[in-house]
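Everything below concerns the one structure shown next.
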Number of protein chains: 2
Amino acid sequence: MRLLIVEDEPGIANFLKQGLEEESYEVDLADNGKTGLDLALNNNYDLLLLDWIVPELSGLEITIKFRAQNTITPIIFLTAKDTLQETITALKQGANDYVKKPFHFEEILERIKVQLRPKTAKNELLMLNSIHINLGSRQVFKNKKEIILTQKEFDLLTYLIQNQGSICTRIDIIKDVWDIHFEYNTGVIDVYINALRKKLNLQKEDDFIQTVRGVGYIAKEL
Amino acid sequence: MRLLIVEDEPGIANFLKQGLEEESYEVDLADNGKTGLDLALNNNYDLLLLDWIVPELSGLEITIKFRAQNTITPIIFLTAKDTLQETITALKQGANDYVKKPFHFEEILERIKVQLRPKTAKNELLMLNSIHINLGSRQVFKNKKEIILTQKEFDLLTYLIQNQGSICTRIDIIKDVWDIHFEYNTGVIDVYINALRKKLNLQKEDDFIQTVRGVGYIAKEL
DNA sequence: CAATTATTTTAAGCTAATCTTAAGACTAGA
DNA sequence: TCTAGTCTTAAGATTAGCTTAAAATAATTG
């Protein structure tokens with residue numbers, strides 16, 4: 001998971017960065033709004049942590065400009081501006097949470113986790129056609145018979161099924177399943193799709209993983 | 001939108017209920033944890049607002065029991081228990097937000113809206129007449145029915161629709177869709193226009209792609 | 001901690017779908 | 001009616017995705 005922190009006080013910025021890196025997040029820093037927005041727009045972060053008062057472009061302005069392009073990446077404000085009006089404004093403009101300074105690192109961390117928490121959670125059961133998936137035990141069944149998948153195979157399959165009915169672009173997949181956030185074009189995805197189709201014994205007629213040429217794949221109820 | 005408030009102090013409960021109803025939410029109240037959990041599990045609410053300290057079953061217990069069954073309905077804590085440890089525990093157990101009393105109604109309202117905000121809208125939608133285009137997933141629909149287009153077909157169609165109402169010259173098209181920047185005169189464009197008309201089943205009378213003789217094409221609202 | 005085994009990634013040839021070309025049929029306007 | 005411009009078709013060129021095997025990593029075990 002990759003985060004961007006926009007914060008001009010080096011003390012706070014580095015404190016957060018270090019703490020989050022210990023939790024194995026990748027963290028980028030921007031010490032002003034302009035580079036912050038720039039990074040945010042060009043780097044597929046999973047979450048943005050914004051201070052309100054930063055040079056060149058305020059956190060609020062970043063939010064507005066960023067939300068015009070991207071409405072899903074969560075934004076958490078972390079700021080000394082603590083009036084009611086400011087909180088409301090930020091949330092209205094697209095922030096997902098608003099935490100007032102001074103803050104406890106543990107609370108920030110937990111609030112970040114909330115935002116990044118997958119909508120379908122552990123131990124839930126996923127199913128599509130003859131496939132059943134137990135997210136808790138990471139088991140996959142086809143017609144009640146268990147299919148042994150590797151980690152990545154499992155991750156890719158559940159990703160596709162959790163997004164069933166909507167196209168997963170290669171960029172989405174490489175970002176969300178491989179956690180790679182830059183231009184990337186090897187055949188990994190193809191190899192794994194191939195492995196899934198083989199292990200799940202999907203023939204042309206019952207292949208619920210459809211390829212969308214030039215775009216990606218889509219898992220569909222048949 | 002339907003909300004459930006679990007809160008035993010009638011003053012706060014009614015204050016919230018009234019305020020939220022004015023914002024045209026439907027609101028149910030429970031004054032103890034047991035009926036609260038019961039209602040929550042049997043009534044497809046869009047969001048739960050929980051106090052921590054309520055009789056019979058605490059807000060935290062409700063959260064744990066509820067999350068075992070339902071992992072998507074957002075839960076907001078609204079409580080006087082305000083230590084770091086309590087906040088973290090609630091968020092860890094599945095709460096989506098945690099607001100400390102005393103609170104401002106406007107902030108609660110805004111935080112509720114954040115939770116209910118649709119998460120999908122990453123994809124820009126284009127439309128013209130009966131055609132809908134999802135730029136993110138590169139899907140095209142005519143009267144809600146998906147039409148499968150190839151890459152170039154898709155690019156050309158979106159180009160025309162993005163420039164709807166103004167003429168796209170052949171030079172423009174070859175430059176912007178094919179990325180060819182010199183004099184070029186084959187029939188490619190014609191071939192693709194033809195393919196679009198065919199796949200979108202455009203007859204003379206509903207063909208929003210009009211030919212401008214000697215110049216190019218124009219997509220027009222009919 | 002080296003050896004073994006399993007997983008993930010890269011790379012390359014192959015296949016099938018898409019893109020382009022070109023040639024003949026058609027059409028609108030002079 | 002004639003002609004320039006457009007439409008249509010089908011065959012050849014190109015490219016994206018499939019498949020396989022082997023190389024690089026990571027995990028496990030004696």
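For the numbers below, each heavy atom of this structure counts, side chains included, while hydrogens, waters and symmetry mates do not. Reminder, nothing fancy here: chain letters follow the sequence lines and each chain counts from 1.
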Looking only at heavy atoms, which two atoms of [X] and [Y] are closest? And how far apart?
X	Y	answer
A219(B)	L160(B)	CB-O, 3.5 Å
F105(A)	L20(A)	CZ-N, 3.7 Å
L60(B)	Q93(B)	CD1-CG, 3.9 Å
N201(B)	D206(B)	O-OD2, 4.1 Å
I148(B)	K199(B)	O-NZ, 3.2 Å

### Message
Tell me the bend of the helix from dC1(C)-dG30(D) to dA30(C)-dT1(D) as the angle between end helix axes, each from five pairs, rounded to the nearest 10 degrees.
### Response
30°
### Task
Scan residues 188-197 of chain A for pairs that pass side chain to side chain donor-acceptor pair (under 3.5 Å), counting only residues two or more places apart or in two chains.
R170(A)-D190(A), R197(A)-D207(A)
Spacing of [X] atom [atom1] relative to [N] atom [atom2], expressed in whole Å:
X	N	atom1	atom2	answer
I174(A)	dT8(C)	CD1	P	13 Å
Q151(A)	dA27(D)	CD	P	9 Å
I148(A)	dT5(C)	CD1	C1'	16 Å
L149(B)	dT18(C)	CG	P	10 Å
E153(A)	dT7(C)	CD	P	8 Å
D155(B)	dA16(D)	CG	C1'	15 Å
L202(B)	dT6(D)	CG	C1'	16 Å
Q210(A)	dG17(D)	CD	P	15 Å

### Task
Give the C-alpha distance, both sets of side-chain angles, the deciding distance and a yes or no for side chain to side chain donor-acceptor pair (under 3.5 Å) between N70(B) and T73(B).
CA-CA 7 Å; N70(B) 177 320; T73(B) 305; 2.9 Å; yes
[X] and [Y]: side chain donor to acceptor below 3.5 Å:
X	Y	answer
T83(B)	Q85(B)	no
N134(A)	H132(A)	no
Y45(A)	D28(A)	yes
T89(A)	E86(A)	no

#### Entry: Test side chain to side chain donor-acceptor pair (under 3.5 Å) applied to N129(B) - qualifying residues, sequence neighbours left out
none
### Task
For DNA chain C, find the residues of residues 176-185 of chain B with a heavy-atom distance under 4.0 Å and give them by number; none if there aren't any.
W178(B), Y184(B)
Could I get a table of every N or O pair under 3.5 Å where one atom is in the protein and the other is in nucleotides 24-30 of chain C?
residue, atom, partner, partner atom, Å
dT27(C), O2, R213(B), NH2, 3.3

Atom pairs, N/O to N/O, protein against nucleotides 18-21 of chain D, distance under 3.5 Å?
residue, atom, partner, partner atom, Å
dC18(D), OP1, R197(A), NH2, 2.6
dC18(D), OP2, Y217(A), OH, 2.5
dT19(D), OP2, N194(A), ND2, 2.4
dT19(D), O5', N194(A), ND2, 3.3
dT20(D), OP2, K198(A), NZ, 2.7

### Task
Classify the ring geometry between Y98(B) and F77(B) as parallel (under 30°), tilted (30 to 60°) or perpendicular (over 60°).
parallel
### Message
Does a side-chain N or O of T186(A) approach OP1 or OP2 of dT10(C) to a distance below 4.0 Å, or not?
### Response
yes
### Message
For a side chain to side chain donor-acceptor pair (under 3.5 Å) check, start with the C-alpha distance between T169(B) and D172(B), then their side-chain angles and the critical distance, and finish with the verdict.
### Response
CA-CA 5 Å; T169(B) 69; D172(B) 288 341; 3.2 Å; yes
